[in-house]
Amino acid sequence: MSGAGPAMARLAPLDALRGLAIAMVVLSHVAGPHLVSIGIDLGNNGLGTAGVLLFFLLSGYLIQGNLERQPLPVFLSRRLFKILPAYWLNIAAILALDTLGVGPETGEGGFPAISYVASAFMVTDLLGVEAVSGVFWTLLIEVRFYVFIALYHRLLGGRGLPLVVLGLIALNGLSWGLRGHGSALIVFFPAFYVGVAIHRAERAGWTGRSMALVAGVIAALTASLTLFADPHFAGSGLLLILDTALFIGALRLGLRGRFLEFLGRTSYSTYLFHPVVGMVLHHLFGRSEDVVADLPWMAVALVLSVALGALLHRLVEEPMVRLGKGLEGWGRRSPVAVAPQEGAG
């Protein structure tokens, strides 16, 4: 029990940051068009992009710590048990709504079967078909980065981080030269390495050398985003710098806040299902182009999204994560007592 306090204190700023990230993403989707209409150009671009980039930084930071503690099979298994059950439930919910005539594609007969199959296996980009949810693109990047960084640690032992980042940027430049546009997958990969560099800087005591690595990765990625990111993500280089400053400040100052931490812990299901909430409300009540008249709709959408995210976190995410941990090492346990492992996931 004595280690619980320090562990919770260490995780609290990360949960609070995750809470900020999900708040930015959901607000951008719920209120984004109105923000643009009243002259705040943060709507579906800046505010949501800032939240997504912050999620990528957090993932890189946490992945680095997990890979230092966990064997690769355990790392990958825990990631999949965390992500896939709620993800597949989300696809099933969208399919059910599609069947009932609720959804963005219902006027054209709903999504084709190939979109559901490709979404379920996270290969929509490879097959060139539309995903059944507009938020799935970030998960495609994240899941593939899990595999990429696992191979990176297996082959290079975590060494050569600057060269890996520069190699990814060069690869994206080559894609731009050959195809006339960059790869959304590759252009955002280095953002995870900003999180990795922050983790290493914290472990090193924020030394000048470790912070120089963070600054170098940020500078390279900012240039890459400016040159190669889709126009939809215009300004993402500046947002990356602001997110990094926020991240480091939160870690060093110990950012806390019960509501932010709650939002952070339940953020994954909220991220997946807030578009579903929006679709249902839009189908039932429509939306007003006037920001004041639309305030009740936005308030209900925000509250229901958070509540549904919390419910599914409790009923789906937590049980499946426990199941995954319980299956680790199944079939190779011996009758000899084994010392309990640290509970970090």
Side-chain angles (χ1 to χ4, degrees), residues 4 7-32 47-63 65-66 78-94 97 133-139 141-143 146 195 243 246-247 250-251 254-281 298-325 343-345:
M8 291 300 293
R10 182 183 66 82
L11 291 174
L14 303 178
D15 282 335
L17 284 168
R18 197 181 284 111
L20 283 173
I22 191 61
M24 286 189 280
V25 170
V26 174
L27 186 60
S28 77
H29 291 158
V30 171
L47 193 61
T49 301
V52 167
L53 285 171
L54 187 53
F55 273 128
F56 288 166
L57 299 186
L58 281 159
S59 290
Y61 177 95
L62 291 165
I63 286 168
N66 288 339
R78 291 188 181 185
R79 291 299 86 203
L80 294 179
F81 271 94
K82 167 70 175 177
I83 288 176
L84 290 180
Y87 176 79
W88 284 333
L89 178 63
N90 183 250
I91 293 175
I94 294 170
L97 291 174
S133 173
V135 302
F136 283 179
W137 69 272
T138 65
L139 297 177
I141 295 172
E142 183 142 347
V143 168
Y146 294 156
D243 275 348
L246 174 64
F247 198 142
L251 290 177
L255 177 66
R256 300 293 297 266
R258 287 188 177 181
F259 184 62
L260 281 179
E261 292 169 39
F262 164 76
L263 288 180
R265 288 191 297 272
T266 60
S267 60
Y268 178 55
S269 285
T270 303
Y271 181 80
L272 284 174
F273 281 88
H274 78 272
V276 173
V277 171
M279 284 192 299
V280 172
L281 290 178
M298 290 187 283
V300 171
L302 290 171
V303 170
L304 289 180
S305 295
V306 171
L308 183 59
L311 180 66
L312 293 173
H313 173 76
R314 175 65 62 88
L315 297 181
V316 179
E317 289 184 59
E318 289 183 340
M320 295 309 298
V321 168
R322 287 196 297 269
L323 174 63
K325 289 182 177 181

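Position 1 is the first residue of the sequence, and the numbers go up from there.
Nearest heavy-atom pair, Ala86 versus Phe273, reported as atom, atom and distance to 0.1 Å: O-CE1, 3.9 Å. Closest approach of Arg256 and Ala12 over heavy atoms only: NE-CB, 3.0 Å. Shortest non-hydrogen contact noted between Pro275 and Ser133 is CG-OG, 4.4 Å. Minimum heavy-atom separation, Leu62 to Arg18: CD1-NH2, 3.0 Å.
Residues Asp243 and Phe56 are not in side-chain contact: their nearest non-hydrogen atoms beyond the backbone lie 4.5 Å or more apart. Using a 4.5 Å cut-off on side-chain heavy atoms (C-beta onward), Asn66 and Arg78 make no contact. Between Val306 and Ile22, the closest side-chain pair of non-hydrogen atoms is not below 4.5 Å. Side chains of Leu304 and Leu308 form no contact here, defined as non-hydrogen atoms less than 4.5 Å apart. In this structure, the side chains of Leu89 and Met320 stay at 4.5 Å or more apart for every pair of heavy atoms. Between Leu263 and Thr270 there is no side-chain heavy-atom pair separated by less than 4.5 Å.
In this structure, CZ on Arg322 lies 10.0 Å from NZ on Lys325, to the nearest 0.5 angstrom. Between the CG atom of Leu14 and the CG atom of Leu255 there is a distance of 10.0 Å, given to the nearest 0.5 Å. In this structure, CG in Leu54 is found 9.5 Å from OG in Ser59, a value given to the nearest 0.5 Å. In this structure, the separation between CD on Glu317 and CZ on Phe81 is 14.0 Å, given to the nearest 0.5 Å. How far CG of Asn90 is from NE2 of His274: 10.0 Å, rounded to the nearest 0.5 Å. The distance from atom CG of Leu272 to atom NE2 of His313, rounded to the nearest 0.5 Å, is 13.0 Å.
When ring centroids are compared, Tyr87 and Tyr268 stay outside the 6.0 Å threshold.
Relative ring orientation between Tyr271 and Phe55 is described as perpendicular, the plane-to-plane angle rising above 60° on a 0-90° scale split at 30° and 60°. Using the six-membered ring where Trp is involved, Phe247 and Tyr61 have ring planes that are tilted, between 30° and 60° apart.
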